[in-house]
Amino acid sequence: MTSTAAVIGSTGLTGSHILSTLLNTDAFKSVYTISRRQPKAESPKLTATVEADTTKWASNLSSIVPPPSIVISALGTTRAQAGGIANQWKIDHDLNVELAKTAHTAGVKTFMFISSAGIRGIGTSSIPYSQMKIGVEDAIKDLNFDQAIILRPGLLLGDRETPKAANTIFGAFVRGLGKLSLGIQDRLGQEADVIARAAVRAALLAAEGKAPSKYWIIEAAEIVKLGRDEHKS
């Protein structure tokens with residue numbers, strides 16, 4: 001089995017790990033990226049499109065011929081980085097939905113979205129961040145891809161190019177708990193490389209027809225299983 005993949009959000013914490021994992025996985029013969037900045041990873045298998053204008057990303061994606069076997073979006077920003085909630089919505093929601101629609105129209109069979117844990121909970125589903133993620137998840141489901149995969153990790157653990165104070169403090173706290181009980185850490189947050197391996201493992205299982213459902217939601221416990229426990233075995 002050989003597959004091709006396109007990664008959106010390949011320069012962020014999780015997306016960069018997904019890209020590196022794909023490039024080191026023999027089953028993927030070609031990997032495409034669309035990003036504002038050049039990815040750090042290098043490989044003869046990589047075709048990177050650097051485009052600062054995100055309004056052109058849908059066209060960049062549709063120009064990949066033949067269409068990739070899977071499109072993986074780890075695209076996301078913060079309110080501070082975007083310059084306000086309205087601009088964050090344009091990236092985290094609108095652009096993700098546009099790219100999913102473009103992928104579907106182009107004939108992409110499998111679409112994967114890196115979402116977030118707890119967004120549909122009581123007291124959390126109404127906050128803007130959750131509404132963005134929920135909107136993208138629902139749009140992907142409505143598009144009726146042959147296979148859709150949604151990963152919902154907890155706190156993303158790892159070294160960011162631009163550290164976020166709250167994430168750094170809470171991340172250190174979660175990792176501290178992990179020294180006492182890895183199970184506690186696993187419920188609260190997952191390392192970015194573990195999420196990446198889980199994403200690529202899920203993509204491979206889907207390509208082999210082994211996904212448990214057409215709309216596969218992978219919560220934190222299954223992320224750890226696919227990306228760490230089974231990876232070690």
Side-chain angles (χ1 to χ4, degrees), residues 1-10 12 14-34 45 61 64 66-76 96-120 133-154 156 186-187 190-233:
M1 177 196 70
T2 56
S3 300
T4 57
V7 183
I8 313 296
S10 60
T14 304
S16 62
H17 280 281
I18 290 174
L19 175 58
S20 296
T21 304
L22 287 168
L23 293 174
N24 287 311
T25 302
D26 292 339
F28 288 91
K29 63 178 181 179
S30 300
V31 181
Y32 301 84
T33 61
I34 303 170
K45 298 196 295 185
L61 181 59
I64 301 174
S69 308
I70 182 171
V71 171
I72 303 174
S73 178
L75 177 65
N96 268 311
V97 171
E98 181 185 15
L99 292 167
K101 290 179 177 178
T102 298
H104 187 266
T105 300
V108 173
K109 302 300 183 183
T110 302
F111 194 94
M112 177 184 290
F113 175 56
I114 310 301
S115 187
S116 185
I119 57 173
R120 295 179 185 266
K133 299 296 186 184
I134 290 170
V136 178
E137 288 188 6
D138 290 349
I140 292 169
K141 186 174 184 179
D142 290 343
L143 285 167
N144 197 31
F145 283 93
D146 286 6
Q147 179 68 61
I149 306 171
I150 307 294
L151 271 71
R152 292 179 181 165
L156 306 180
D186 291 342
R187 287 193 291 272
Q190 294 79 47
E191 299 287 346
D193 60 339
V194 171
I195 299 168
R197 290 196 297 267
V200 174
R201 177 62 177 153
L204 293 172
L205 289 172
E208 295 168 0
K210 296 179 181 179
S213 63
K214 183 182 176 76
Y215 186 71
W216 184 10
I217 297 175
I218 303 177
E219 303 281 4
E222 193 170 8
I223 288 173
V224 171
K225 177 184 175 183
L226 293 171
R228 191 187 66 209
D229 298 343
E230 291 187 356
H231 180 76
K232 288 182 178 179
S233 62

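Rounding to the nearest 0.5 Å places CZ of F113 at 13.0 Å from CD1 of I72. Distance check: I8 CD1 to S10 OG gives 7.5 Å after rounding to the nearest 0.5 Å. With rounding to the nearest 0.5 angstrom, the NE2 atom of H17 is 8.0 Å from the OG1 atom of T21. With rounding to the nearest 0.5 angstrom, the CZ atom of R228 is 10.5 Å from the CG atom of D193.
Scanning for side chain to side chain donor-acceptor pair (under 3.5 Å) contacts around S115 gives E137, with sequence neighbours left out. Residues that satisfy the side chain to side chain donor-acceptor pair (under 3.5 Å) test with N24, not counting sequence neighbours, are absent from this structure. Residues forming a side chain to side chain contact (heavy atoms under 4.5 Å, CB included) with A6 (at least two apart in sequence, or on another chain): Y32, L61, I64, P68, V71. Residues that satisfy the side chain to side chain donor-acceptor pair (under 3.5 Å) test with S73, not counting sequence neighbours, are N96.
The heavy-atom pair separating W216 from A211 by the smallest distance is CE3-CB, 3.7 Å. Nearest heavy atoms, A202 versus I218: CB-CD1, 3.6 Å. Here the closest non-hydrogen pair linking K133 and L75 is NZ-O, 4.4 Å. Across all their heavy atoms, Q190 and P153 have their closest contact at OE1-CA, 3.3 Å. Considering every non-hydrogen atom in both I217 and E222, the closest pair reads O-OE1, 3.9 Å.
The backbone N or O of V31 sits nowhere less than 3.5 Å from a side-chain atom of K45 that would complete a donor-acceptor pair. Put simply, the side chain of S69 gets close to the backbone of T4: a donor and an acceptor are under 3.5 Å apart.
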For L99 and I34, what are the C-alpha separation, side-chain angles and deciding distance, and is it a side-chain contact (heavy atoms from CB on, under 4.5 Å)?
CA-CA 11 Å; L99 292 167; I34 303 170; 5.6 Å; no

Worked check of side-chain contact (heavy atoms from CB on, under 4.5 Å) between R197 and V194:
CA-CA 5 Å; R197 290 196 297 267; V194 171; 3.6 Å; yes

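Residue K109 places its NZ atom among 12 or fewer non-hydrogen atoms of other residues, nucleotides or ligands, all under 6.0 Å distant.
Counting heavy atoms from C-beta on, the side chains of I70 and M112 come closer than 4.5 Å.
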Just distance, no hydrogens or angles: give the donor-acceptor pairs under 3.5 Å from side chains in residues 141-151, sequence neighbours left out.
| from | atom 1 | to | atom 2 | distance (Å) |
| --- | --- | --- | --- | --- |
| Q147 | NE2 | S213 | O | 2.9 |
| Q147 | NE2 | K214 | O | 3.0 |

